[in-house]
Amino acid sequence: MKKFNACFGRVLDAFALVAVMILAAMIVLICADVILRNVVNRGIEASVELTEYALYFMTLLTTPWLLSRSQHIRIDFLVASSPFRVGWCMEFLCDLIGACVMAGLVWYGIKISLASHAADSLVWKSLVFPEYWLLVPLPICCALTAIEFVLRLKRLWTGERKPGATTAALG
């Protein structure tokens with residue numbers, strides 16, 4: 001299991017690194033667009049569209065990585081202020097719901113990606129490309145997030161049951 005966790009962590013780190021590279025490219029693109037608009041009175045036509053796609057991909061790529069580090073958005077005050085057993089159950093239930101929702105999104109993402117590919121659907125904006133290029137990362141990243149939720153459940157279930165031992169603390 002340690003080998004799997006280490007390999008899985010490297011995959012998540014690689015996805016986060018790709019997100020950082022996308023962010024850097026997006027910054028360069030926006031700066032170039034602003035400079036061109038001010039210097040030659042003509043910007044980069046697809047800059048807004050590319051920025052939209054970059055934000056989408058960065059969100060997908062970093063979700064499992066942030067969850068694995070417990071740096072996702074959490075509202076801990078209910079868990080922290082509840083009696084230990086109630087807080088533990090809330091933590092377990094939230095991780096279970098997260099795993100189920102992500103599994104559903106994997107199924108849906110695969111379904112829409114395959115349907116888009118079969119229909120040869122295209123995105124028609126400034127750029128024209130197959131729609132499934134945007135859809136395929138969804139089930140992949142949701143699968144990684146579902147796996148992380150399952151790992152959190154395992155850590156919570158097998159970890160020492162003491163106050164403060166939530167999946168955020170056991171990571």
Side-chain angles (χ1 to χ4, degrees), residues 4-79 94-152 166-169 171:
F4 173 80
N5 285 334
C7 182
F8 186 69
R10 285 192 296 275
V11 169
L12 298 185
D13 289 345
F15 274 48
L17 181 61
V18 170
V20 168
M21 292 188 296
I22 291 171
L23 177 61
M26 186 176 75
I27 291 168
V28 169
L29 175 67
I30 291 170
C31 291
D33 186 47
V34 169
I35 290 168
L36 288 171
R37 286 180 192 272
N38 287 300
V39 173
V40 295
N41 204 26
R42 182 168 168 89
I44 301 168
E45 185 178 343
S47 65
V48 172
E49 186 178 346
L50 289 169
T51 301
E52 290 171 1
Y53 299 143
L55 291 170
Y56 165 71
F57 287 123
M58 287 187 309
T59 301
L60 287 178
L61 292 168
T62 58
T63 298
W65 181 77
L66 289 168
L67 181 64
S68 73
R69 285 158 177 69
S70 295
Q71 294 177 337
H72 60 297
I73 297 172
R74 284 178 57 101
I75 302 173
D76 291 58
F77 74 91
L78 282 176
V79 174
C94 286
D95 288 342
L96 184 61
I97 290 169
C100 291
V101 167
M102 287 297 120
L105 287 172
V106 169
W107 175 81
Y108 179 73
I110 291 170
K111 183 178 171 182
I112 63 171
S113 296
L114 292 173
S116 175
H117 185 268
D120 289 326
S121 297
L122 297 174
V123 173
W124 288 86
K125 289 186 174 181
S126 299
L127 303 172
V128 178
F129 57 91
E131 180 186 50
Y132 74 91
W133 290 2
L134 290 175
L135 300 175
V136 166
L138 178 71
I140 294 168
C141 293
C142 287
L144 292 173
T145 306
I147 292 168
E148 180 56 35
F149 271 119
V150 170
L151 292 173
R152 291 169 65 88
T166 63
T167 53

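Heavy atoms only: backbone and side chains are in, while hydrogens, waters and symmetry mates are out. Numbering starts at 1 and runs along the sequence shown.
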Practice item. Supply the atom-to-atom distance Asn5 CG to Arg10 CZ, rounded to the nearest 0.5 angstrom. Key: 10.5 Å
Review point. Taking everything shown except Glu45 itself, do over 12 heavy atoms lie less than 6.0 Å from its CD?
Key: no
Check your understanding: Which heavy-atom pair separates Arg152 from Leu67 by the least distance, and what is that distance?
Key -> NH1-O, 3.2 Å
Exercise for review: With rounding to the nearest 0.5 Å, note down the distance linking CD1 in Ile44 to CG in Leu29.
Suggested key: 5.0 Å
Point to revise | Straight-line distance of Cys7 SG to Leu12 CG, nearest 0.5 Å | key: 9.5 Å
Exercise for review: Sort and list the pairs that fulfil ring-ring contact (aromatic ring centres under 6.0 Å, His included) and have at least one residue in residues 5-24, not counting sequence neighbours.
Suggested key: Phe4-Phe8
Practice item. Search all heavy atoms of Ile22 against all heavy atoms of Ala54 and return the closest pair with its distance. Key: CG2-CB, 3.5 Å
Review point. If you look only at pairs with a residue in residues 132-145, which of them pass as a salt bridge (charged side-chain N to carboxylate O under 4.0 Å, His left out), with sequence neighbours excluded?
Key: none
Revision key, fill the gap. All heavy atoms of Glu49 vs all of Ser126, minimum pair found to be OE1-N, 2.8 Å
Revision key, fill the gap. By side chain to side chain contact (heavy atoms under 4.5 Å, CB included), Ala19 pairs with (sequence neighbours left out) Met58, Leu61, Thr62
**Study point:** Residues that Asp13 engages under side-chain hydrogen bond (donor to acceptor under 3.5 Å, both in side chains), provided they are two or more places apart
**Key:** Trp65, Arg69
**Study point:** salt bridge (charged side-chain N to carboxylate O under 4.0 Å, His left out) pairs, two or more places apart, involving residues 100-109
**Key:** none
Study note, to complete from the structure: Across all chains, not counting sequence neighbours, the ring-ring contact (aromatic ring centres under 6.0 Å, His included) partners of Tyr108 are none
Let me have the donor-acceptor pairs involving side chains of residues 127-151, under 3.5 Å, with sequence neighbours excluded, atom names and distances please.
unit_1 : atom_1 : unit_2 : atom_2 : d
Glu131 : OE1    : Ser116 : OG     : 2.9
Thr145 : OG1    : Cys141 : O      : 2.9
Glu148 : OE2    : Arg155 : NH2    : 3.1

Check your understanding: For Ile27, which residues count as a side chain to side chain contact (heavy atoms under 4.5 Å, CB included) partner, sequence neighbours excluded?
Key -> Leu23, Cys31
Exercise for review: Please list, chain by chain and in numerical order, all residues satisfying side chain to side chain contact (heavy atoms under 4.5 Å, CB included) with Thr59, sequence neighbours excluded.
Suggested key: Thr63
Point to revise | Sequence-distant partners of Ser47, side-chain hydrogen bond (donor to acceptor under 3.5 Å, both in side chains), two or more places apart | key: Asp33
Review point. So which pairs with a foot in residues 50-62 pass salt bridge (charged side-chain N to carboxylate O under 4.0 Å, His left out), sequence neighbours left out?
Key: Glu52-Lys125
